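Have a look at the structure below before the remarks.
Protein chains get the first letters and strands the later ones, always in sequence-line order, with residue 1 at the start of each. Keep in mind the model is a prediction, meaning the values are calculated, not measured.
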Protein chains: 2
Amino acid sequence: MDVFENIRTRAISGAFAHGEKLRAEVLRNDYGCSASTVREALLRLAALGLVEFQEQRGFRMPEYSEARQHDITQMRIMLETEGACRSMRYGGVAWESRLNAAHHKLSHIESRIAAMGPTEELAQLWMAAELEFHQTLLSACGSDLLIELHLQVYNRYRQIKAEYDHTFQHVASNIREHHAIVDAALSGDETAMRQRIFEHFERHLIPGRPVSVRVDALV
Amino acid sequence: MDVFENIRTRAISGAFAHGEKLRAEVLRNDYGCSASTVREALLRLAALGLVEFQEQRGFRMPEYSEARQHDITQMRIMLETEGACRSMRYGGVAWESRLNAAHHKLSHIESRIAAMGPTEELAQLWMAAELEFHQTLLSACGSDLLIELHLQVYNRYRQIKAEYDHTFQHVASNIREHHAIVDAALSGDETAMRQRIFEHFERHLIPGRPVSVRVDALV
DNA sequence: TGCATTAGAAATTTCGAGATTTCAAGGAAA
DNA sequence: TTTCCTTGAAATCTCGAAATTTCTAATGCA
């Protein structure tokens with residue numbers, strides 16, 4: 001069992017509370033390994049911003065704050081619009097069909113959640129499919145670094161929204177918004193793509209706080 | 001002595017060759033600590049992309065490639081234009097004077113290098129002053145995350161350009177370009193700022209390769 | 001009471017030995 | 001010759017104990 005991978009999953013899916021202390025000596029029991037191995041995993045997570053580390057004071061989960069959520073959301077908007085627009089330019093038909101496939105898988109799961117309510121199993125499937133959809137959106141952008149930084153920001157976003165996600169309040173709007181993004185991709189209209197991505201995230205920004213997003217002639 | 005910090009500095013200042021293998025058992029001699037401590041530092045560097053890590057196969061420095069340099073440069077342009085423009089909007093006079101101060105310090109060092117040629121000591125001072133200048137440029141952007149990601153990308157940039165930096169071929173143009181950036185900041189013209197930052201990095205892009213940069217009415 | 005000190009407990013970090021895995025060279029079979 | 005296997009050496013990873021630092025709370029003093 002990969003300790004790093006497993007703790008990472010827990011850290012972005014709400015298994016730990018915001019601000020909770022993470023003690024290697026405690027977590028080791030979950031994995032039957034030594035504290036050093038857990039410590040190693042936590043250090044790597046800290047470098048990725050999923051865990052906070054203070055010398056001689058151990059590890060804790062990041063605290064929640066509206067400002068932090070706004071910041072992370074704005075960065076996701078920036079990286080995803082940039083990546084999606086580049087994919088539109090360079091990706092061609094191959095990318096369009098991959099995006100379609102990823103969207104199909106995701107919307108199937110979202111429909112089931114909308115219809116029969118969230119179960120633990122559906123939530124797991126949704127997490128994976130949502131990530132895959134947004135990664136596919138950027139997959140043809142031609143920049144490994146953009147993709148890597150996006151994954152970092154995506155994970156922090158999931159982490160901060162973990163409890164929110166679990167309720168699936170906005171499945172209906174999510175379905176619409178994901179659909180609108182795919183439409184924009186197929187239409188080849190970059191301005192439309194920027195707007196659709198912005199709209200997808202808009203409700204997670206702090207109203208009134210300045211936002212720096214290029215939307216080009218937002219109506 | 002902080003092993004992590006020290007190895008990080010070496011990794012971005014050309015002390016290790018591209019693709020070189022980094023063995024904990026070897027590096028421990030430089031620090032008089034155990035291999036585990038070195039290993040811990042290397043894992044953290046790997047999470048930041050400054051070192052590559054393969055399970056059971058240890059650590060090595062990233063290989064050089066033109067494509068990688070282009071990618072990193074493009075991301076620096078993107079993050080720095082965004083951050084600089086936000087600083088222009090939110091930073092006010094306080095930011096302008098901090099930028100002026102940082103620029104003054106940097107250009108003083110660059111002038112000395114231009115005049116009397118590079119020494120090891122001047123190179124060290126330049127590294128610190130250059131980072132401080134570019135960080136000051138973003139310092140009033142209002143986004144901790146943007147600043148954090150920029151530092152990551154900045155470090156990868158320094159790492160890949162380490163030998164190039166050491167020659168100081170372009171001190172003269174650097175002085176001009178840094179000056180132009182400060183001018184744009186004081187003039188409050190965001191379009192000019194985007195252009196000046198692009199020009200500062202232009203020579204490190206692969207000619208002809210598509211670039212996605214918003215420059216707004218580049219003449 | 002309020003504040004500083006300090007002793008004990010708890011948590012964090014370092015360490016080197018041992019277990020595991022990969023690498024490299026030589027030899028056998030096709 | 002080429003490919004596959006064997007084997008010893010080298011490198012990597014894991015572990016729990018020991019050393020260090022921080023935290024807690026009880027004590028003494030003003």
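- For residues 104-113 of chain A, the pairs satisfying side-chain hydrogen bond (donor to acceptor under 3.5 Å, both in side chains) are A/K105-A/E132, A/E110-A/W126, A/E110-A/H178, with sequence neighbours left out.
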What pairs of donor and acceptor atoms, side-chain ones from residues 40-49 of chain A against any protein atom, are under 3.5 angstrom apart with sequence neighbours left out?
| unit_1 | atom_1 | unit_2 | atom_2 | d |
| --- | --- | --- | --- | --- |
| A/E40 | OE1 | B/R39 | NE | 3.2 |
| A/E40 | OE1 | B/R39 | NH2 | 3.2 |
| A/E40 | OE2 | B/R39 | NH2 | 3.1 |

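- Residues that satisfy the salt bridge (Lys or Arg N to Asp or Glu O under 4.0 Å) test with B/R10, not counting sequence neighbours, are B/D30.
- Not counting sequence neighbours, A/E52 has no partner by the salt bridge (Lys or Arg N to Asp or Glu O under 4.0 Å) test.
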When the side chains of residues 84-99 of chain B are checked against the rest of the protein, which donor-acceptor pairs come out under 3.5 Å, sequence neighbours left out?
| unit_1 | atom_1 | unit_2 | atom_2 | d |
| --- | --- | --- | --- | --- |
| B/R86 | NE | B/E82 | OE2 | 2.8 |
| B/R86 | NH2 | B/E82 | OE2 | 3.2 |
| B/S87 | OG | B/G83 | O | 3.2 |
| B/S87 | OG | B/L137 | O | 3.0 |
| B/S87 | OG | B/L138 | O | 3.4 |
| B/S87 | OG | B/A140 | N | 3.1 |
| B/S87 | OG | B/C141 | N | 3.2 |
| B/R89 | NH1 | B/E190 | OE1 | 2.8 |
| B/R89 | NH1 | B/E190 | OE2 | 2.8 |
| B/R89 | NH2 | A/S212 | OG | 2.7 |
| B/W95 | NE1 | B/T136 | O | 2.8 |
| B/S97 | OG | B/V93 | O | 3.3 |
| B/S97 | OG | B/A94 | O | 3.0 |
| B/R98 | NH1 | B/S139 | OG | 2.8 |

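- Rounded to whole Å, atom C1' of D/dT12 lies 11 Å from atom CD of A/E40.
- Atom CZ in B/F59 sits about 15 Å away from atom P in C/dT22, given to the nearest Å.
- Remark: B/R60 engages no residue in a salt bridge (Lys or Arg N to Asp or Glu O under 4.0 Å) (not counting sequence neighbours).
- Look at CG on B/L43: it is 11 Å from C1' on D/dT12, rounded to the nearest Å.
- Contacts with DNA chain C (heavy atom under 4.0 Å) in residues 18-29 of chain A: A/K21, A/R23, listed by number.
- Residue B/E55 qualifies as open at atom CD: its count of foreign heavy atoms under 6.0 Å is 12 or below.
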Anything under 3.5 Å between a protein N or O and an N or O of nucleotides 17-25 of chain D, put it in a table, one pair a line.
none

With a cut-off of 3.5 Å and sequence neighbours excluded, list every side-chain donor-acceptor pair involving residues 16-26 of chain A.
| unit_1 | atom_1 | unit_2 | atom_2 | d |
| --- | --- | --- | --- | --- |
| A/H18 | NE2 | A/E163 | OE2 | 3.4 |
| A/E20 | OE1 | A/A17 | N | 2.8 |
| A/K21 | NZ | A/R57 | O | 3.3 |

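- Spacing between atom CD of B/Q54 and atom P of D/dT12 amounts to 12 Å, rounded to whole angstrom units.
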